[in-house]
Amino acid sequence: MLPVMRCDEYLYPVPKFDLGKGDVNDFNNELKGFHEQFEDCFQRSESRDHFFNYMAGQFSPLERKSIEPIALSIEDGNVRALQRFVSDAPWAEKKMTTKYRSFVNDDLGSSDGAMIFDESGFLKKGKDSIGVAKQYCGTIGKVDNCQVGVFTGYVSEYGYALVDKRLFIPEKWFADDYSTRRKKCKLPEDTVFKTKPQLAAEMLSELGKENILPFKYVLADSIYGESQEFIAAVESMPDKTYFVSVSKDLRCWLKRPMTMSKSYQWGGKTRTKTILVDQDSKPLTVEALAKNINDYFWYRRQVSEGTKGPIVYEFTRRRVILSYDGLPQKTVWLLIRRTLGDDPQYSFFISNASSSTRLKTLVWLSGLRWAIEQCFEETKTELGMDHYEVRKFPGWHHHILTCMMAHFFLWHLKVRMGKKSTVYYAIAA
């Protein structure tokens with residue numbers, strides 16, 4: 001679980017999830033009350049019943065929480081009917097998601113909240129599930145046959161939840177020889193290939209336009225942090241601060257080098273390009289910069305991340321000018337984190353926070369992204385988010401949305417009862 005943040009780490013601690021089985025007197029009744037809010041999102045009463053039973057199955061002690069075990073655990077349960085509901089039945093998904101985020105705002109919303117973008121892999125056998133391919137799976141830390149979802153998490157001083165999702169469809173799935181599989185998997189015909197940062201930027205823009213969940217910060221891993229398209233999406237939103245990971249190879253200057261315009265002939269026309277005045281003024285990698293900073297400038301701090309309690313790192317920061325295509329661009333904060341010991345491991349982050357931002361603010365932000373890791377861990381280990389066996393595009397989104405809502409429902413119970421203890425485990429329906 002996320003350990004409690006130290007009180008001097010800027011704005012707020014991230015609370016732990018700590019609801020236990022004995023804390024809820026009538027779990028099924030409360031779950032029905034939650035589901036009643038979504039009755040108008042389904043056309044048929046049978047679908048409403050299936051939605052309740054499917055989520056109840058995710059809270060159950062079943063070892064495998066896929067459709068068949070859930071259906072067989074229900075009195076008069078019908079496996080095929082539940083399969084059709086998850087994969088083929090109409091859901092007013094947009095309406096459900098809007099309502100869901102309103103509930104998240106009621107319980108967890110904060111003007112100092114953060115949106116977190118990250119991906120999670122789902123190992124799969126075979127080649128017929130939508131978007132499945134040999135690709136990097138963060139869950140196991142290597143390339144394997146899997147599906148990958150891009151997610152948005154929300155974190156505040158009141159808790160954390162997943163609030164949006166997109167299934168990443170690898171580019172090869174849009175080739176002609178995949179047309180039959182696309183049709184079988186019910187991939188909408190107007191779907192086009194989008195990179196993971198493009199999917200994240202799309203979600204961020206939609207969340208901003210929707211304006212239901214308040215947030216101040218945007219956090220992401222390096223695949224998004226080094227995407228100019230994703231960063232541009234954040235910068236297009238007023239008063240938002242990004243804090244993103246970057247790779248050790250990112251290049252920068254400590255002082256902005258002078259540039260000038262140079263004319264040249266190309267294709268019979270005179271053109272101009274920007275070049276460095278001093279061609280020897282090459283940018284440094286952030287790794288080279290880090291390794292040349294004197295110990296005097298490193299500050300030892302505890303951060304609250306991981307399952308074993310607070311971890312101690314050393315931090316330093318610099319105002320740097322980023323290099324793109326060998327030319328100076330924007331000025332940002334570079335936060336460098338290193339482990340203790342003789343062979344330190346470095347991590348790097350950049351932020352558009354104001355020049356007056358204190359080190360403790362950046363250190364605090366470096367610990368927040370663990371909230372989405374908690375979301376993944378809890379929904380997978382306790383609610384069966386990675387147990388699904390559906391193959392179709394709508395089925396993946398329906399299953400994941402149900403898991404997101406189930407996870408938040410438990411947070412709602414905690415918030416409603418004002419719980420402040422420390423251990424999380426699933427509640428059996």
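Throughout, residue positions are numbered sequentially from 1 according to the sequence presented.
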Item checked: Minimal non-hydrogen separation, Val332 against Ser351, with atom names ->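 Heavy-atom minimum between the residues: CB-O, 3.3 Å.
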
Notebook entry, point to check: Which heavy atom in Ser227 sits nearest to a heavy atom in Pro197, and how many Å separate them?
Noted result: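 Nearest heavy atoms, Ser227 then Pro197: OG-CB, 3.3 Å.
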
What is the ring orientation for [X] with [Y], classed by angle as parallel under 30°, tilted 30 to 60°, or perpendicular over 60°?
X: Phe34; Y: Phe408; answer: tilted
X: Phe17; Y: Trp411; answer: perpendicular
X: Phe59; Y: Phe409; answer: tilted
X: Phe51; Y: Phe85; answer: tilted
X: Phe376; Y: Phe151; answer: perpendicular
X: Phe315; Y: Tyr313; answer: perpendicular

Do [X] and [Y] make a side-chain contact, defined as non-hydrogen atoms from C-beta onward lying under 4.5 Å apart?
X: Lys134; Y: Lys172; answer: no
X: Ile336; Y: Phe297; answer: no
X: Leu340; Y: Glu314; answer: yes
X: Leu167; Y: Ile169; answer: yes
X: Thr402; Y: His399; answer: no
X: Met260; Y: Ile275; answer: yes

Checklist line | Arg166/Glu206 salt bridge by N-O under 4.0 Å criterion | finding: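 Salt bridge flag = yes for Arg166 with Glu206.
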
Item checked: Test: Asp107 and Lys414 ion pair at under 4.0 Å -> no

Think [X] forms a cation-pi with [Y], using NZ or CZ under 6.0 Å from the six-ring centre and within 45 degrees of its axis?
X: Arg181; Y: Tyr178; answer: yes
X: Arg318; Y: Trp333; answer: no
X: Lys248; Y: Phe348; answer: no
X: Arg369; Y: Phe243; answer: no

Note to self: Out of the candidates Glu202, Glu119, Glu93, only one should pair with Lys165 under the salt bridge (Lys or Arg N to Asp or Glu O under 4.0 Å) rule; please name it.
What the structure shows: Glu93

Would a distance-only check, ignoring hydrogens and angles, find a side-chain to backbone donor-acceptor pair under 3.5 Å from [X] to [Y]?
X: Trp364; Y: Tyr12; result: yes
X: Arg101; Y: Val163; result: yes
X: Lys392; Y: Val86; result: no

Next item on the list: Apply the side-chain contact (heavy atoms from CB on, under 4.5 Å) test between Val155 and each candidate in Ile116, Asp112, Ile372; give the one that qualifies.
Entry: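 So, applying the side-chain contact (heavy atoms from CB on, under 4.5 Å) to Val155 and each of Ile116, Asp112, Ile372, only Ile116 qualifies.
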
Margin query: Once salt bridge (Lys or Arg N to Asp or Glu O under 4.0 Å) is applied, what residue pairs with a partner in residues 326-336 remain, sequence neighbours excluded?
Written below: Glu235-Lys330

